[in-house]
There are 2 protein chains.
Amino acid sequence: MALRHAVLAALLDEELSGYQLAKAFDLGVANFWHALPQQLYAELARLEKDGLISGREVVQDTRPNKRLFIVTEAGLAELERFTASAAKPSSIRDDLIVKVQAADHVDPATLIAQLTERAAFAQAKVDLFGGLLDRMRGDRSEEDFLRNGEGIGPYLTCLRGLAFERGNLDWCERTIAVLREREAARATR
Amino acid sequence: MALRHAVLAALLDEELSGYQLAKAFDLGVANFWHALPQQLYAELARLEKDGLISGREVVQDTRPNKRLFIVTEAGLAELERFTASAAKPSSIRDDLIVKVQAADHVDPATLIAQLTERAAFAQAKVDLFGGLLDRMRGDRSEEDFLRNGEGIGPYLTCLRGLAFERGNLDWCERTIAVLREREAARATR
DNA sequence: TATGATTAGTCAGTTTCTTGAGTATCATGC
DNA sequence: GCATGATACTCAAGAAACTGACTAATCATA
């Protein structure tokens, strides 16, 4: 039951529709969780049923109507309770790392192609997160913003996302370089 | 079906029992995947049924008997196929980051406690991975080992694990510092 | 004027992961 | 001499996540 709390946390700062939430949780801005639209709509229904969020219908004439959700008092209390509960340690779960684990038994060129693709993806995320941080910070310095600003939660999680993707990028580049060097060494042997 | 390939990759370098695998995939050395014993035993059974690994009974007199598994030719081919298939981008999924996302609405002291705990955990992992890397590398330099050594797959994945935990550690410490400073600023206001 | 993309969602089915309990033997420490 | 923990594994049930298909309107573009 952690998606539950991720949704609550996302709805704290803005009133969002299921559709908007889905965009945020899809590959993109979701630097602190990931989920598919189906999961989110289901979770929103459960959260509303349990009184942790409340939705209001917004009638639109040019677009289909939508429902916007906000966190209730009960929802905030639930988040507070969640925050105090023990967190399980996060661990990496990544196809690409599994592939590299098998590096000694598998075609290096294939691996390099995969790593290159991932590096590009990571770079795009780094740029995206960089931009998001700039926007949140406005014209203030990071130190000033974090000391005195409002809404630092999203900023801090975005910082983690940025560092994570930088880590991905560095590792991909390093690994590509290693594999290339070994290929070159093998060719001249 | 990625646990499947994670198990195959883990069995490439050593012949392991389900129990040993479980230890590796539990909180500990599993720097490239995570799974519980029940999942692993089930996956091993499936893999053997599909002919991707083969097990042999080892009779022990002081301990319960065990079955050791190795990857078959078919298993290696399956890994090769997997390596060439598209990898889905990995994303973070972490309770603690959800909690920090809600930082503006939640008790800072609770958050700091959680972050401190996680920082200690991350530090332990950093130490563990550092030691593992030393052992794999032996007396060679990292450059030399990665250029000419054998079994660099596990080394490279361990490097990613190390960087990831360093990232966790840095972020926890930074976030704790920010929360403390804001607490102090609030107290004097 | 089709074609595809975007907004806004729903439904069904399957796989994967987690929780919890249980079995059995042997070694170690108090 | 009895509790604790390690080795080695199994079974069942439930929660969470993923796959894939589907409705229905509007807007952009070629």
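Residue numbers begin at 1 in each chain, while the letters A, B, ... track the order of the sequences.
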What are the two closest non-hydrogen atoms of B/F32 and B/T157, and how far apart are they?
-> CB-CB, 4.3 Å
Closest non-hydrogen atom pair, A/A10 against A/L16 = O-CD1, 4.2 Å
First of A/A2 and A/D61 reached from the 5' end of DNA chain D, by closest nucleotide = A/A2
What is the separation between atom [atom1] on [X] and atom [atom2] on [N], rounded to the nearest whole Å?
X	N	atom1	atom2	result
A/E43	D/dA16	CD	P	7 Å
B/R93	D/dA15	CZ	C1'	13 Å
B/R46	C/dT16	CZ	P	7 Å
A/Y19	C/dT7	OH	P	4 Å
B/M1	C/dC17	CE	P	12 Å
A/D26	D/dC18	CG	C1'	13 Å
A/E15	C/dA8	CD	P	13 Å
B/R56	D/dA8	CZ	P	13 Å

So, does the side chain of A/Q38 form a donor-acceptor pair with the base of D/dG20 at under 3.5 Å?
-> yes
Compare the minimum distances between each of [options] and the side chain of [X], then state the nucleotide with the smallest one.
X	options	value
A/R63	D/dC27, C/dT19, C/dC26	D/dC27
A/Q60	D/dA8, C/dA8, C/dC17	C/dA8
A/K88	D/dC18, C/dT19, C/dC26	C/dT19
B/W33	C/dC17, C/dA8, D/dT10	C/dC17
B/P64	C/dT18, D/dT7, D/dC9	D/dT7
B/K23	D/dT7, C/dA8, C/dT18	D/dT7
A/Y41	D/dC9, C/dT10, D/dT26	C/dT10
B/L36	D/dC18, D/dC9, C/dT18	C/dT18

Other residues, nucleotides, ligands: >12 heavy atoms within 6.0 Å of B/E57 CD = yes
Under a 4.0 Å N-O cut-off, is there an ion pair linking A/E142 with B/R174?
-> yes
In terms of the angle between their ring planes, are B/F82 and B/H5 parallel, tilted or perpendicular, with boundaries placed at 30° and 60°?
-> parallel
Kindly say if A/T62 contacts the phosphate of D/dA25, meaning a side-chain N or O under 4.0 Å from OP1 or OP2.
-> no
